[in-house]
Amino acid sequence: MLEEIAPEMLTEEGGERKRELALRNVRGNVVMRFAPNPSGPLHLGHSRAAVLNDYFVKKYGGKFILRLEDTDPKRVLPEAYEMIEEDLEWLNIEVGEKVIQSERMEIYYHHCERLIEMGHAYVCQCDPEEFRRLKNQGIPCRCRERSVEENLELWERMLDNSLEGAVVRLKTDIKHKNPSVRDFPIFRMEDTPHPRTGDRYIVYPLMNFSVPVDDHLLGITHVLRGKDHIVNTEKQRYIFQYFQWEMPEYIHYGILKIEGTVLSTSKMYQGILKGEYRGWDDPRLGTLRALRRRGIRPEAIYRSMLEIGIKPADVKYSWENLYAINREIVDKDAKRFFFVENPKRLKVLGAEPKTVYLRMHPDRDLGTRELPFEGEVYISDDLEVNKMYRLMELCNIVVEKIEGDVVYARYHSEDFRILRRKRGKIIHWVPVKDAVKTVVVDTEGRERPGFAEKDFRKVDVDEIVQFERYGFARVDEKRENGELEIICYFAHK
RNA sequence: GCUCCAGUGGUGUAGCCCGGCCAAUCAUGCGGGCCUUUCGAGCCCGCGACUCGGGUUCAAAUCCCGACUGGAGCACCA
C-alpha cells in the first residue's frame, strides 16, 4: 500500500509545515473515476472516495469521471442516478464526464467475445454448487475444455436467451490459493428488467469484467477503492494481462465507520421501506442529504475526508471531529437567537417593561434583534426557589415560588456583576408575546417543541443559526397555517 | 476455518518505505484559567499514545519473527 501512495509529504511553505496527500506514479494529468452503484444517494462512506478523487484531480490536473455501475438490475434504484449527481454537486465536485455502464453493454459483449476467441474465457453451464465443489478442490469443470467455436456458439445462445443459467468464466488459475479467484465468472444471465434498459439485455457483465474494461477504455490512471476490493483487483489483473493493457494504480483504503451510524445503502433503504426512517434525509442516517438537512456544510465533509486520507487501516471516525470542523465554518455566519425547549412560563414581579436590543452575532455585525420584555417570558431551565438568576442581557431575578409550569420571581437588580457575586446562573428567555412556535428535530429524529424569540420569524429557510446555549441548527421549513411554526434540524453544540 | 490487510493518546492524523534530529506532530476531546452577560468564538496552561513479547543494531514507533487484537474477502452483488 505504502509503495503506491505517499500519504504525507512535509513541505516547507512560508515557514509553515504543511501536510499533503499525494499519489504515486503521476505522469502528467490524472484520470480518476468515482464509481458508485446507483442503489441510493451518497453517504459519508462514498464521500471519502468522491472527495479524494476530486482532490487529486484538482491537485494534479485531469479528469473526474462519474461512472454509474448499474450492471445488476436487481440493485438499481431509478432515482439514485439523479441523487448521486445532486450529492456530488452539493459537495462542489465537478464531474468531467459521466458514464453509465448499462449503456455500454455492446462494448462489454465485444470484449467478452475477444476473450473467448483468445481462449481465455468459456461458457460454463455447471450447476453453481457443483462448480464450487470442484473449484474448491482445484479441479476444472468439463466446460473448461470446450473449443473456441463451441464457446462462441454457446455465447450467442446466451445472448439469444436460449440457454438457461449459463455464465461466462475467465480462465485464471484453477489452483489459485484464493478459491474465489479460480475461474471467476464474468458474465451472467439475469431476466429481471433493468430500470433503464428494460428487457433489452439478458446477459450482464459482472463487475470484475466491466470494471477493468472501463478503467482501461476510459484511460483511468489511478483508482481509489475500499480494501474490500483487494481480491477484486487481483481478479481484474487477469483481464488486463489477457488484453495486454497497462494497469492503472489501484489504491485501497481502509473501511470507514462512524460511531453509531449505519453506512449501508441497503440497510438504510430497508429501514425506509419499513417506515423506521422518514426518508433518505432522515437525521439519523449518514447520507449526505441527511447531513445537509442538519446544517453540516459540504466543506466540512470535504475537509474531514481529506483529514482521514487514504491509509489502509480501518477508521472509526467520531462525529466530534466532523462537528468541530463544521462549527468553525458555520460559526461566523450563524445568527444568534434565543430558543427555549420544554417552555415554562416565568412571571417577573416588580420589573419595569423594557426592550433590549441584542446583536445577531457577538463578534460580527449581522444586525440586531429586539426582545420586548413585559414581565412574562418563557424559560426552559429548572429553577429553584430563593435562588438568583439572570435573564440574559436583561436583569437579575429571585425565584419566589413555582406552581406547576409557572414560575414566579421578583425583580432584583440590573447589574450582572451582582449575579456574578452571588454565583447565580444566566438563563436565556423568550417574551411570551409574539414568541415564535419552533420545533427542533434532534439527531435522533425526535421533535423538540419550544419557542423562539419574535425576530426569529425573519430567518430564511436553509439558514444555519445558533440557538444560544443550545447549539447550531438549520432552518428547514416555515409553516404558515394560521400560526407560524418554524421547523429546524439540530446540527451540533 | 482459509486467504489477505492493518495495529501511534477517547477520536482522527503526522512520523514508518530511507533506524538516531521522536522523552513522538497537528487537530479534536477532556480538565483548569482568562475573556465574553451563550454551554459559540478567541487566548493561555494542562491531561493523554508508539498492542505485547522476542530478535537485529552502538541505536527501533521505524527493520525481522511470533503472539494478540481489529478488519476485509472467501457470490451467477458492487
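Lettering of chains follows the sequences in order, A, B, ..., and the numbering in each one begins at 1. In what follows, every heavy atom counts, from backbone to side chain, and hydrogens, waters and symmetry copies are set aside.
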If the P atom of B/U62 is compared with that of B/G19, how far apart are they to the nearest Å?
12 Å
Whole-angstrom distance between B/A59 and B/G12, as gauged at atom C1':
31 Å
Between [atom2] on [N] and [atom1] on [X], what's the gap in Å once rounded to a whole number?
X	N	atom1	atom2	value
A/Gln236	B/G73	CD	C1'	14 Å
A/Ile329	B/U28	CD1	P	13 Å
A/Ile255	B/C4	CD1	P	18 Å
A/Ile230	B/C5	CD1	C1'	5 Å
A/His428	B/G40	NE2	P	13 Å
A/Glu307	B/G29	CD	C1'	13 Å
A/Tyr253	B/U13	OH	P	14 Å
A/Ile186	B/A75	CD1	P	18 Å

Can we say A/Lys332 and A/Asp363 salt-bridge, meaning some charged N sits less than 4.0 Å from an Asp/Glu carboxylate O?
no
Can you figure out which of B/U38, B/A78, B/C39 approaches the side chain of A/Met392 most closely?
B/U38
Out of B/G40, B/A6, B/U37, whichever nucleotide has its closest atom nearest the side chain of A/Pro312
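Side chain of A/Pro312 sits closest to B/A6.
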Polar side-chain contact A/Asp363-B/G42 base: donor and acceptor under 3.5 Å
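Donor-acceptor pair under 3.5 Å: no.
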Quiz question: going by heavy-atom distance under 3.5 Å, is there a donor-acceptor pair between the base of B/U38 and the side chain of A/Gln466?
yes
Return the nucleotide paired to [N]: Watson-Crick means purine N1 to pyrimidine N3 with N6-O4 or O6-N4, wobble means G-U with N1-O2 and O6-N3, both under 3.5 Å.
N	result
B/C39	none
B/C16	none
B/G66	B/C52
B/C22	none
B/G31	B/C45
B/C4	B/G71

Among A/Phe472, A/Phe456, A/Phe337, A/Phe338, find the one that has a ring-ring contact (aromatic ring centres under 6.0 Å, His included) with A/Phe467.
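So, applying the ring-ring contact (aromatic ring centres under 6.0 Å, His included) to A/Phe467 and each of A/Phe472, A/Phe456, A/Phe337, A/Phe338, only A/Phe456 qualifies.
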Option from A/Leu52, A/Val223, A/Leu23, A/Thr233 for which side chain to side chain contact (heavy atoms under 4.5 Å, CB included) with A/Ile251 holds
A/Leu23
OP1, OP2 of B/U3 versus side-chain N and O of A/Ser180: anything below 4.0 Å?
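No, A/Ser180 has no side-chain N/O under 4.0 Å of OP1/OP2 on B/U3.
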Are the side chain of A/Arg33 and the backbone of A/Phe64 linked by a donor-acceptor contact shorter than 3.5 Å?
no
Could you check whether the rings of A/Phe187 and A/Tyr109 sit parallel, tilted or perpendicular, using 30° and 60° as the cut-offs?
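Ring orientation of A/Phe187 relative to A/Tyr109: tilted.
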Report the relative orientation of the aromatic rings in A/His46 and A/His43; use parallel for angles under 30°, tilted for 30 to 60°, perpendicular for over 60°.
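Tilted.
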Under 4.0 Å, counting only non-hydrogen atoms across every strand here, what does [X] touch: a base, just sugar-phosphate, or nothing?
X	result
A/Arg169	nothing
A/Lys177	sugar-phosphate
A/Pro362	base

